[in-house]
Asker: 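I'd like to ask you about the structure that follows.
Only this structure's heavy atoms are used, side chains among them; waters, hydrogens and symmetry mates stay out.
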Amino acid sequence: MAVFPQGLSHVDARCNAGERRVLHQLKRCLEDDYLVWHDIAIGPKARQPDFVVLSPRWGILLLEVKDWRPATLGPATRDAIELRTPRGVVTAPHPLRQARDYALELVDMMKDDPALVHEHGPFAGRLLFPYGWGVVLAAMRRSDVIGSDFDELFPPARTLLRDDLDEAVPAAAFQHRLWGMFTVSYPHTLTLPQRDRVRWHLFPEVRLQPQTALDFGAAPETAPPLPDLLQVMDLQQEQVARTLGEGHRVIHGAAGSGKTMILIFRAQYLAAAARADQPVLVLCFNRTLADRIRHQLRERGVDERVQVRTFHGWCQDLVRSYQLGVPPGLKGDAHFAALARAVERAVDSGRVPGGQYLALLIDEAHDFEDAWLRIAGRMVSPATNSLLVLYDDAQSIYQGKRRRFNFASVGIEARGRTSILRLNYRNTTEVLALALQCAQGLLQGDGPVRGEDELPLVQPLSAGRRGALPVLVQARHAQEEADLLAERIAAALAGGTPAGDIAVLCRTKSLMRPIEAALARRGVPLQSMNALAFRRFDWRSPSVKLLTLHSAKGLEFGLVCVAGLQALPMRDETLEDAVRLLYVAMTRATRELVLSAHGRSAVVDRVHDALAAVARQFSAAA
């Protein structure tokens, strides 16, 4: 059966009678390497053909479906058709002309991608794969149109009728009719990277890179060449993102499995229905992650109808808006705890009304205390009940010990609406192998998960992308460590790595000082959380980011340097807590990971031994 990334049941519920006949015939007759989307915006002008069919063996086919009956059709040309309707005669675009225009628009766009065109030979400059278009008149049979000029306006090769949708039609015969709609037929089977590249062009919303000059509409003279790797959601991620309906939803996802990407997709979708008086709220724990999510949403054109806040920042908003009593003079954790208690009391008493938000999305929910989750769930409008919770217990670095609770106990009713993402796409195989080797024992759990409402520890699986082995830089003192890291960063910049794709992570801000100085001496642009007036990063600025291990949660960078490992574990933390924090830090790296220290500690020794084990593992595999 074909794959329907929007979910077969979701598509079926949206179809009219004619589209439903087509849907069921596609389901019955197409093999599982076909991908089918229904009524979804594609391409530079957000056209919406009724069906998009993508086959690695045949290419792209666009179908327009009409449920017209013979008596409905009036005079027609190749561009327009008069329709007799209960409201009178109306003129509609010819569906075959519509489908043709949509298809050629996509072809012109993808011809600019060198990875999707023939470089040499008789097809040089043409797409690697065929493309086609057609119309389906789902309520009309061949017997209804005999003896008319129907075939001139609806050429049989590009027109399917009700006869073609009968269950008695063999699957091979139906496929043959679809293949006849393609403009040309030449042998080429799309590879998986090529297929994903086509998806990148078709659906801007599933792209992993932010929308920039690469996007549709950029002037040819200003748009940079397309990169070799155009990353998109994998099909499971796309299906999870597209099928998120109303009600409570929970996604358990390993580090690097695309949880935040799905949240951004969902927020972008919900923004269209949000209002100023009932916005969408995105909550997370870290301010840095909140700033990054907000920046990515604004890059995608999502305005303030989607609000992004840290949990405590949101509590502070409520305290001010509703004049809630919070004891004065409190600092740090005591102040944050008082904020949360004040909001909890006000929500329980009704002083802060519930249901204020069209939808609520919680990223890194493993960092939320039970009471916070309970409060948040009550703020969703009962009309939508739209709550999305993203969770990875392995990255729970703020809880004193692993939690044992179920979602129902905090009012999150997601039974039957829970997804698990195991594949790690962020990290190379080598980076993930080291992170897992260091975190041995932390990802095993402490007993069986008895029900869907409980918390599974999701063991990440590598997507297979290869890269360089991580390295451990050991220096004699802090200045030498800083200089060695600065040299590596300068070399990466000279090699073409953007400054904004590099981060240095430290356990404390004080560890950043010598690194800041070493980078400044080399003229490297940087932003540091240790800066005196620092409040938040400017994500538009092309600069190396220096941030704490805790603040890096939820973020990713091509090159990650984890510095000052000799400081782990700190005096107030256990070795297990330090290793869990290190696991989170290492899994921020998408391509290259550098670890450094200027002294010994239990964590430095652990990393040293883990690196040796991983090196032996890959050496044996070679």
Asker: Would you call Val282 and Arg294 a side-chain contact if the rule is heavy atoms closer than 4.5 Å?
Answerer: no

Asker: Dump the intermediate steps for side-chain contact (heavy atoms from CB on, under 4.5 Å) on Leu611 and Leu434, then the final yes or no.
Answerer: CA-CA 6 Å; Leu611 268 172; Leu434 178 64; 3.9 Å; yes

Asker: Could you walk me through whether His295 and Arg536 satisfy the side-chain contact (heavy atoms from CB on, under 4.5 Å) test, starting with their C-alpha distance in whole Å, then the side-chain angles of each, then the deciding distance to 0.1 Å, before giving a yes or no?
Answerer: CA-CA 11 Å; His295 172 71; Arg536 55 175 50 90; over 6 Å; no

Asker: Ignoring hydrogens and geometry, is there a side-chain-to-backbone donor-acceptor pair from His252 to Ile420 under 3.5 Å?
Answerer: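 Answer holds: no.
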
Asker: Do Trp539 and Thr288 have side chains that get closer than 4.5 Å, going by heavy atoms?
Answerer: yes

Asker: With sequence neighbours left out, what residues match His312 under side-chain hydrogen bond (donor to acceptor under 3.5 Å, both in side chains)?
Answerer: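 Listed in chain order: nothing, the list is empty.
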
Asker: Hey, are the side chains of His248 and Val389 touching, using non-hydrogen atoms and a 4.5 Å cut-off?
Answerer: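 The answer is no; the side chains never approach within 4.5 Å.
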
Asker: To the nearest 0.5 Å, tell me how far Asp363 CG sits from Leu289 CG.
Answerer: 5.0 Å

Asker: Can you tell me how far the CG atom of Asp113 sits from the CD atom of Gln194, to the nearest 0.5 Å?
Answerer: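 Atom-to-atom, Asp113:CG and Gln194:CD are 9.5 Å apart.
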
Asker: Measure from the side-chain N and O atoms of Asp392 to the backbone N and O of Glu364, and report whether any donor-acceptor pair falls under 3.5 Å.
Answerer: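 Checked: no pair found.
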
Asker: Indicate the atoms forming the closest heavy-atom contact of Arg266 with Ser386, along with that distance.
Answerer: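 Where Arg266 meets Ser386 most closely, the heavy atoms are NH2-OG, 3.6 Å.
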
Asker: Looking only at atom types and distance, does a side-chain atom of Ser619 sit under 3.5 Å from a main-chain N or O of Ala615, one as donor and one as acceptor?
Answerer: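 Not at all, since once roles are kept as given, no pair shorter than 3.5 Å links the two residues.
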
Asker: Going by side-chain hydrogen bond (donor to acceptor under 3.5 Å, both in side chains), name the pairs with one or both residues in residues 556-565, residues two or more places apart or in two chains.
Answerer: Arg426-Glu556

Asker: Identify, with sequence neighbours excluded, every residue that meets salt bridge (Lys or Arg N to Asp or Glu O under 4.0 Å) alongside Asp605.
Answerer: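 Scan of Asp605 (salt bridge (Lys or Arg N to Asp or Glu O under 4.0 Å), adjacent residues dropped) gives Arg600.
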
Asker: Answer yes or no: is there a side-chain heavy-atom contact under 4.5 Å between Leu283 and Arg309?
Answerer: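 Heavy-atom side-chain distance check passes, below 4.5 Å.
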
Asker: Which heavy atom in Tyr583 sits nearest to a heavy atom in Ala255, and how many Å separate them?
Answerer: OH-CB, 3.9 Å

Asker: Is there a donor-acceptor pair closer than 3.5 Å between any side-chain N or O of Glu592 and the backbone N or O of Leu559?
Answerer: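 The answer is no, because no donor-acceptor pair under 3.5 Å joins these two groups.
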
Asker: Can you sort out the partners of Arg466 under side-chain contact (heavy atoms from CB on, under 4.5 Å), two or more places apart, ordered by chain and number?
Answerer: Thr429, Glu430, Phe618

Asker: If you compare all heavy atoms of Thr418 against all heavy atoms of Ala414, which two are closest, and at what distance to 0.1 Å?
Answerer: OG1-O, 3.2 Å

Asker: Would the distance check show the side chain of Arg422 and the main-chain N or O of Leu461 forming a donor-acceptor pair, the cut-off being under 3.5 Å?
Answerer: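 Judged by distance alone, no pair lies under 3.5 Å.
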
Asker: Any side-chain heavy atom of Arg300 within less than 4.5 Å of one from Ile264?
Answerer: yes

Asker: To the closest 0.5 Å, what do you measure between CG (Leu555) and CZ (Phe537)?
Answerer: 8.5 Å

Asker: Does Ala563 have any side-chain contact (heavy atoms from CB on, under 4.5 Å) partners at least two apart in sequence or in another chain, and if so, which?
Answerer: Glu481, Leu485, Val504, Cys506, Ile515, Ser596

Asker: Roughly how far, to the nearest 0.5 Å, is the OG1 atom of Thr189 from the CZ atom of Phe129?
Answerer: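 Rounded to the nearest 0.5 Å, the CZ-OG1 separation comes out at 12.5 Å.
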
Asker: Is there side-chain contact between Val524 and Ile502, with at least one heavy-atom pair below 4.5 Å?
Answerer: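 Contact flag for Val524/Ile502 side chains = no.
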
Asker: Taking side-chain hydrogen bond (donor to acceptor under 3.5 Å, both in side chains) as the test, write out the residues that go with Thr590, two or more places apart.
Answerer: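 Once residues adjacent in sequence are excluded, Thr590 has no partner under the side-chain hydrogen bond (donor to acceptor under 3.5 Å, both in side chains) criterion.
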
Asker: What residues, two or more places apart in sequence or in another chain, satisfy side-chain hydrogen bond (donor to acceptor under 3.5 Å, both in side chains) together with Thr548?
Answerer: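 Thr548 satisfies side-chain hydrogen bond (donor to acceptor under 3.5 Å, both in side chains) with Ser551 once adjacent residues are dropped.
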
Asker: Tell me, which pairs form a salt bridge (Lys or Arg N to Asp or Glu O under 4.0 Å) where one or both residues lie in residues 540-551, sequence neighbours left out?
Answerer: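 Counting only pairs at least two positions apart or across chains, the salt bridge (Lys or Arg N to Asp or Glu O under 4.0 Å) contacts touching residues 540-551 are Asp538-Arg540.
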
Asker: Using every non-hydrogen atom in the two residues, find where Ala271 and Val306 come nearest and quote the distance to one decimal.
Answerer: CB-CG2, 3.7 Å

Asker: From Ile262 CD1 over to Leu388 CG, what is the distance, rounded to the nearest 0.5 angstrom?
Answerer: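 Atom-to-atom, Ile262:CD1 and Leu388:CG are 8.5 Å apart.
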
Asker: Would Val562 and Arg588 count as a side-chain contact (heavy atoms from CB on, under 4.5 Å) if you check the C-alpha gap in whole Å, the side-chain angles of each, and the deciding distance to 0.1 Å?
Answerer: CA-CA 10 Å; Val562 185; Arg588 303 306 98 198; over 6 Å; no

Asker: I'd like a table of donor-acceptor pairs (distance under 3.5 Å, sequence neighbours excluded) in which one partner is a side-chain atom from residues 467-476, with atom names and distances.
Answerer:
from   : atom 1 : to     : atom 2 : distance (Å)
Arg476 : NE     : Glu480 : OE1    : 3.2
Arg476 : NE     : Glu480 : OE2    : 3.3
Arg476 : NH2    : Glu480 : OE2    : 3.0

Asker: May I ask you to say whether Asp196 pairs ionically with Arg199, meaning some side-chain N is under 4.0 Å from a carboxylate O?
Answerer: yes

Asker: Hey, does Leu493 have a side-chain heavy atom less than 4.5 Å from the side chain of Ile489?
Answerer: yes

Asker: For Asn530 and Leu511, run side-chain contact (heavy atoms from CB on, under 4.5 Å): C-alpha distance rounded to whole Å, both residues' side-chain angles, the deciding distance at 0.1 Å, then the answer.
Answerer: CA-CA 9 Å; Asn530 185 52; Leu511 291 169; over 6 Å; no

Asker: Keeping Thr310 on the side-chain end and Arg287 on the backbone end, is there a donor-acceptor pair under 3.5 Å?
Answerer: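 Not a single qualifying donor-acceptor pair exists.
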
Asker: Kindly give the heavy-atom pair with the smallest separation between Ala602 and Leu575, and that separation in Å.
Answerer: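 So the minimum-distance heavy-atom pair works out to CB-CD1, 4.0 Å.
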
Asker: side-chain hydrogen bond (donor to acceptor under 3.5 Å, both in side chains) with Trp372: which residues, sequence neighbours excluded?
Answerer: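 Scan of Trp372 (side-chain hydrogen bond (donor to acceptor under 3.5 Å, both in side chains), adjacent residues dropped) gives none.
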
Asker: Is there a donor-acceptor pair under 3.5 Å between the side chain of Lys259 and the backbone N or O of Leu390?
Answerer: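 Here the side-chain-to-backbone pair does not exist.
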
Asker: Is there a side-chain contact between Asp367 and Lys553 in this structure, where contact means two heavy atoms from C-beta onward sitting under 4.5 Å apart?
Answerer: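 Asp367 vs Lys553: side chains touch.
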
Asker: To the nearest 0.5 Å, how far apart are CH2 in Trp37 and CD in Gln6?
Answerer: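 Here the interatomic distance stands at 9.0 Å.
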
Asker: Filter on ring-ring contact (aromatic ring centres under 6.0 Å, His included), then keep only pairs touching residues 476-522, sequence neighbours left out; what's left?
Answerer: none

Asker: List the atom of Pro569, the atom of Thr574, and the distance in Å for their closest heavy-atom pair.
Answerer: CB-O, 3.8 Å

Asker: Determine which pairs satisfy salt bridge (Lys or Arg N to Asp or Glu O under 4.0 Å) with at least one residue from residues 482-504, sequence neighbours left out, and list them in order.
Answerer: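 Salt bridge (Lys or Arg N to Asp or Glu O under 4.0 Å) check on residues 482-504 returns Asp483-Arg521, Asp483-Arg522, Glu487-Arg522, Asp501-Arg591.
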
